[in-house]
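Single-structure report; data block below.
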Amino acid sequence: NGLALPEIKTKDAKTILVSLAKLKGFGALLRGKNAAHIIIPAKNTHIERSFRNFSHISVGLAQNLNLLDVLTYKYLIVANPEESIKSLV
């Protein structure tokens, strides 16, 4: 439901990715090109900067989501889905 990082740390971001990769069907999250696009409802510097060291992961605001993002990445990870959907409407 939520994605929160108390500080800017790539190590914490990697822990999140490893946890998600253990779920069935998410094995390719840690490898490959354009693995995932993380959608956040509002600007969050901690999340954006923690994940920017991963070349196969991108982070973007829900209000900026476009068809190219949806088609480019294998996984779309929506943080705070209810808030994210509200920003799309």
Side-chain angles (χ1 to χ4, degrees):
N1 278 341
L3 180 62
L5 294 171
E7 55 189 338
I8 301 169
K9 290 215 175 230
T10 302
K11 181 180 178 183
D12 294 341
K14 182 166 181 144
T15 302
I16 291 170
L17 291 177
V18 168
S19 296
L20 287 173
K22 290 179 182 177
L23 297 172
K24 184 178 180 182
F26 285 88
L29 189 60
L30 296 176
R31 56 184 160 16
K33 186 177 178 185
N34 297 332
H37 183 65
I38 300 173
I39 302 164
I40 54 177
K43 187 157 180 68
N44 185 321
T45 333
H46 290 186
I47 293 173
E48 292 172 357
R49 294 180 79 190
S50 294
F51 283 96
R52 75 176 172 189
N53 288 332
F54 300 103
S55 62
H56 61 293
I57 306 289
S58 74
V59 177
L61 294 174
Q63 65 191 23
N64 296 335
L65 184 66
N66 59 48
L67 185 59
L68 185 60
D69 292 333
V70 173
L71 295 174
T72 300
Y73 295 93
K74 181 168 179 134
Y75 302 107
L76 293 176
I77 301 170
V78 181
N80 302 322
E82 290 178 2
E83 290 180 39
S84 296
I85 290 173
K86 285 179 185 176
S87 66
L88 286 174
V89 177

* To do: Given side chain to side chain contact (heavy atoms under 4.5 Å, CB included), test I40 with N80 step by step and report yes or no.
  => CA-CA 7 Å; I40 54 177; N80 302 322; over 6 Å; no
* Asked: I47 and L5: which non-hydrogen atoms are nearest, and at how many Å?
  -> CA-CD1, 4.1 Å
Without placing hydrogens or testing angles, list every side-chain donor-acceptor pair under 3.5 Å for residues 65-79, not counting sequence neighbours.
from, atom 1, to, atom 2, distance (Å)
N66, OD1, L68, N, 3.0
N66, OD1, D69, N, 2.9
T72, OG1, L68, O, 2.6
Y73, OH, S58, OG, 3.2
Y75, OH, G25, O, 2.8

* Asked: Does F51 share a hydrophobic cluster with I8, counting links as ILVMFWY side-chain heavy atoms below 4.5 Å and allowing steps through other members?
  -> no
* Heavy atoms only: give me the nearest A28-A35 pair and the separation to one decimal. => O-CB, 3.8 Å
* Asked: Tell me the side-chain hydrogen bond (donor to acceptor under 3.5 Å, both in side chains) pairs involving residues 5-23, sequence neighbours left out?
  -> T10-N53
* Asked: If you measure from CD1 on I16 to OG on S50, what distance do you get to the nearest 0.5 Å?
  -> 8.0 Å
* Contact list for residues 39-49, test side-chain hydrogen bond (donor to acceptor under 3.5 Å, both in side chains), sequence neighbours left out -> K43-E48
* Asked: Only one of E82, Q63, E83 forms a side-chain contact (heavy atoms from CB on, under 4.5 Å) with P41, so which one is it?
  -> E83
* Would you indicate whether the side-chain heavy atoms of I38 and L3 approach each other to under 4.5 Å? => yes
* Please work out which of the three classes, parallel, tilted or perpendicular, describes the rings of H56 and F54, given edges at 30° and 60°. => perpendicular
